[in-house]
Structures are given as C-alpha cells and as structure tokens.
Amino acid sequence: MPHPRAKVHRMFELVEPIATVTFSEVANEAFLALGMRNYWDGYFAGRAAPLGLAPAEVVHAVFYNFADGEVARHIPWVWGKTSPQEAITVRERGSATALRQMIGKLADSPDLVRVADLATRAAVSAPTDGRALYAGLRALDVPEEPVAKLWHAATLLREYRGDGHNAALLAHGIGGTEAHVLMALSLGMRAEDFGRIHHLPEAQLATVVDGLRGRGLVDAAGGFTDAGRETKVRIEALTDELAAPAYDVLNADEFDELLAGLEPIAAAV
C-alpha cells in the first residue's frame with residue numbers, strides 16, 4: 001500500500017457521508033415522484049440502476065448484505081415505474097441537490113473544484129476486476145458540474161470499497177446478515193436493535209446469531225468473543241487493503257491534499 005492504511009481508512013470515513021447523501025430525503029422525494037411506493041423502492045432503483053435490468057437474484061448477490069427475499073420485493077417491480085437510465089439521472093440530480101444544500105457556500109468554492117478533480121482521478125483509476133457494482137458505475141459518464149462530480153466520485157470510491165468489503169467477508173466466511181450482526185456488536189448494540197436487521201423475524205435472527213456463537217465469534221450473552229472481535233478487525237484491515245488501489249494514482253502530496261479538502265465537506269454533511 002503506497003499510502004498508510006490509517007489514511008486509507010480515514011478516506012473512507014470522509015467519502016462515506018458524501019456518497020450517502022443519495023439516501024437522504026431529497027433524493028427519496030425525487031424517486032417517490034416517479035411512482036415509487038416507499039424509500040426502499042427508490043434505494044434499489046437508484047443503487048441497482050448501473051447493473052441495468054439485472055434480476056433480483058443478481059442484485060441480491062452484488063449487494064450481498066440483504067436478507068433473502070428483500071431485494072425481490074423491489075426488483076423488478078421498480079422497472080415498471082422507471083428505467084435504469086432514468087433512475088441514474090434522478091439519483092444523480094437528487095444527490096447533487098442534497099449535497100449542495102448540506103455544504104452551503106462550500107459548493108461554489110474553488111477548493112471544491114480541486115477536490116472533485118482529485119477524487120475523480122482516484123475514482124476512475126482503480127481496476128474493475130471482481131468489482132461488479134463499481135464496474136457498473138465506471139461505465140457511466142462523469143458529471144461535469146463540480147458538486148455532482150464530487151458526489152459521483154465519492155460513490156465510485158464507496159462502491160469500490162464495498163465490493164472489496166464483500167470479498168473480505170467471503171474470505172472470512174461471513175454472510176451478509178452475519179456482517180450486520182458483527183457491525184451491531186462492534187457498535188455496542190444488540191443484533192436485534194440494529195437498524196438494518198431489527199425487522200427480521202426473531203427466529204431468523206436468532207438462527208444467525210446462534211451460527212456465529214457456534215463458530216466461537218459470539219458469546220452466550222450475545223456479545224463479541226475475543227475471536228469475534230479479532231475477526232472483525234481482520235475484515236476491516238483487509239477491506240482497507242483492498243480499497244487502497246483506488247488511490248495509487250495519487251502521489252503522497254495529492255493524497256493528503258484530497259484528505260484535507262474532504263474534511264470540511266464531510267463535516268458539513
């Protein structure tokens with residue numbers, strides 16, 4: 001890794017809030033206006049759109065961390081209300097609007113133009129091998145408007161890391177729902193209280209936790225064992241390592257400049 005792992009992880013912390021403005025109310029309202037029934041229709045339409053008319057089974061595999069059947073409640077239903085290309089346009093427009101609102105005067109600063117350019121250089125430079133969602137996003141045109149360009153670059157970098165994270169989970173034998181359990185425990189929460197899985201049937205979630213307990217990763221009280229905590233740490237370290245190639249195109253000074261430039265933007269979001 002030409003850049004220190006701690007800095008690569010810090011980049012993730014700064015890119016994540018910028019990319020995830022796409023899940024905010026502004027973008028949600030734009031998808032509801034297309035006829036989506038709820039937030040999750042818009043989520044799947046927007047995020048899966050770069051995969052085209054891929055069936056639910058493919059989207060489920062690429063996204064990795066949704067419970068069985070959750071994707072199929074939305075895909076392909078959403079494609080009866082919009083097309084992947086329209087969803088891409090609506091998502092970009094709504095996300096750029098949301099980001100502009102959140103960062104205020106920063107949106108029109110020369111510094112943001114520079115940050116967007118550096119982030120885009122990194123975002124379009126990484127290898128696509130084994131990165132299905134990232135590859136789909138790479139096939140899209142890069143927006144010219146700086147705020148939209150920054151959001152697009154952040155989304156590319158987020159999904160590049162996400163594809164790598166899925167690979168790290170697979171390498172450690174951790175399934176999608178199990179990953180949410182480990183995340184909940186790392187945050188000091190009980191699995192059944194964690195937002196992404198709290199809606200699952202109690203028996204289904206208990207089976208997942210029991211499986212992790214049987215592997216020695218969760219203790220009798222439902223918390224981490226030492227082995228579970230160590231496994232989570234190894235997964236995060238491998239995820240950072242797999243995310244690093246996106247930044248190889250930047251020299252040390254450019255990498256640090258991008259980190260510094262993202263700080264106030266991420267803080268504003």
Side-chain angles (χ1 to χ4, degrees), residues 1-27 47 91-128 131 133-135 137-138 140-165 168 183 186-187 232-269:
M1 295 173 64
H3 304 296
R5 181 186 158 237
K7 288 188 176 182
V8 172
H9 189 79
R10 180 56 181 159
M11 190 71 78
F12 155 65
E13 294 174 337
L14 296 174
V15 164
E16 182 75 2
I18 296 169
T20 54
V21 300
T22 197
F23 308 130
S24 67
E25 191 59 30
V26 174
R47 191 166 178 234
R91 187 188 196 212
E92 178 187 309
R93 185 182 301 126
S95 299
T97 299
L99 181 57
R100 178 172 287 276
Q101 290 177 357
M102 291 177 186
I103 65 177
K105 293 180 180 179
L106 291 172
D108 299 310
S109 70
D111 290 343
L112 183 135
V113 175
R114 173 62 173 166
V115 169
D117 287 343
L118 285 172
T120 299
R121 275 184 58 202
V124 301
S125 72
T128 58
R131 316 266 185 159
L133 190 50
Y134 171 73
L137 285 163
R138 274 281 299 276
L140 305 180
D141 293 334
V142 175
E144 294 184 6
E145 194 280 317
V147 173
K149 185 177 184 178
L150 176 60
W151 169 79
H152 182 73
T155 300
L156 279 164
L157 293 168
R158 178 183 192 262
E159 300 295 12
Y160 182 77
R161 187 181 194 278
D163 284 341
H165 185 58
M183 175 61 77
S186 72
L187 295 172
K232 183 71 166 61
V233 169
R234 287 199 304 272
I235 289 169
E236 293 305 318
L238 180 55
T239 298
D240 288 336
E241 182 180 339
L242 292 173
Y247 304 103
D248 288 353
V249 70
L250 303 179
N251 63 38
D253 289 342
E254 290 170 331
F255 187 83
D256 288 344
E257 182 184 358
L258 179 56
L259 278 173
L262 288 171
E263 289 276 2
I265 299 169
V269 174

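Values below: all heavy atoms of this structure, side chains included; hydrogens, waters and symmetry mates excluded.
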Interatomic distance, [X] atom [atom1] to [Y] atom [atom2] [nearest 0.5 angstrom]:
| X | Y | atom1 | atom2 | result |
| --- | --- | --- | --- | --- |
| Asp163 | Leu242 | CG | CG | 10.5 Å |
| Glu257 | Leu118 | CD | CG | 5.0 Å |
| Leu262 | Leu258 | CG | CG | 4.5 Å |
| Thr239 | Glu241 | OG1 | CD | 10.0 Å |
| Glu254 | Leu259 | CD | CG | 12.5 Å |
| Leu157 | Leu137 | CG | CG | 10.5 Å |

Is a salt bridge present between Glu145 and Arg100, judged by a nitrogen-to-oxygen distance below 4.0 Å?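 Arg100 and Glu145: salt-bridged.
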Should the pair Arg131-Glu159 be classified as a salt bridge under the 4.0 Å nitrogen-to-oxygen rule?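 A salt bridge is absent here (no side-chain N lies under 4.0 Å from a carboxylate O).
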Salt bridge (charged side-chain N to carboxylate O under 4.0 Å, His left out) between Glu263 and Arg10, worked out: CA-CA 10 Å; Glu263 289 276 2; Arg10 180 56 181 159; 2.9 Å; yes
Distance-minimising heavy-atom pair for [X] and [Y]:
| X | Y | answer |
| --- | --- | --- |
| Ala154 | Ile18 | CB-CG2, 3.7 Å |
| Leu150 | Ala119 | CD1-CB, 4.2 Å |
| Ala246 | Ala126 | CA-CB, 3.8 Å |
| Ser24 | Ala98 | OG-CB, 3.5 Å |
| Val113 | Pro146 | CG2-CG, 3.9 Å |
| Val115 | Gly261 | CG2-CA, 3.5 Å |

I would like to know whether Leu106 and Asp111 meet side-chain contact (heavy atoms from CB on, under 4.5 Å); could you show each step before the answer? CA-CA 8 Å; Leu106 291 172; Asp111 290 343; over 6 Å; no
Begin with the C-alpha distance, continue with both residues' side-chain angles, and end with the deciding distance and a verdict on side chain to side chain donor-acceptor pair (under 3.5 Å) for Thr22 and Arg91. CA-CA 7 Å; Thr22 197; Arg91 187 188 196 212; 3.1 Å; yes
Backbone N/O of [Y] and side chain of [X]: donor-acceptor pair under 3.5 Å:
| X | Y | answer |
| --- | --- | --- |
| Ser125 | Ala122 | yes |
| Trp151 | Ala19 | yes |
| Tyr160 | Thr128 | no |
| Ser109 | Leu112 | yes |
| Asp240 | Val8 | no |

Does CE belonging to Met102 count more than 12 external heavy atoms closer than 6.0 Å?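 Enclosed: over 12 neighbouring heavy atoms sit under 6.0 Å from CE of Met102.
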Thr97 and Gln101: CA distance, side-chain angles, deciding distance, side-chain contact (heavy atoms from CB on, under 4.5 Å) verdict: CA-CA 6 Å; Thr97 299; Gln101 290 177 357; 3.7 Å; yes
Passing candidate, side-chain contact (heavy atoms from CB on, under 4.5 Å) with Leu156, options Val124, Leu140, Leu133: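 Exactly one option meets the side-chain contact (heavy atoms from CB on, under 4.5 Å) with Leu156, and it is Val124.
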Pair Arg158, Glu16 - check salt bridge (charged side-chain N to carboxylate O under 4.0 Å, His left out), show working. CA-CA 6 Å; Arg158 178 183 192 262; Glu16 182 75 2; 3.0 Å; yes
Classify the ring geometry between Phe255 and His3 as parallel (under 30°), tilted (30 to 60°) or perpendicular (over 60°).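 The rings of Phe255 and His3 lie parallel, inter-plane angle below 30°.
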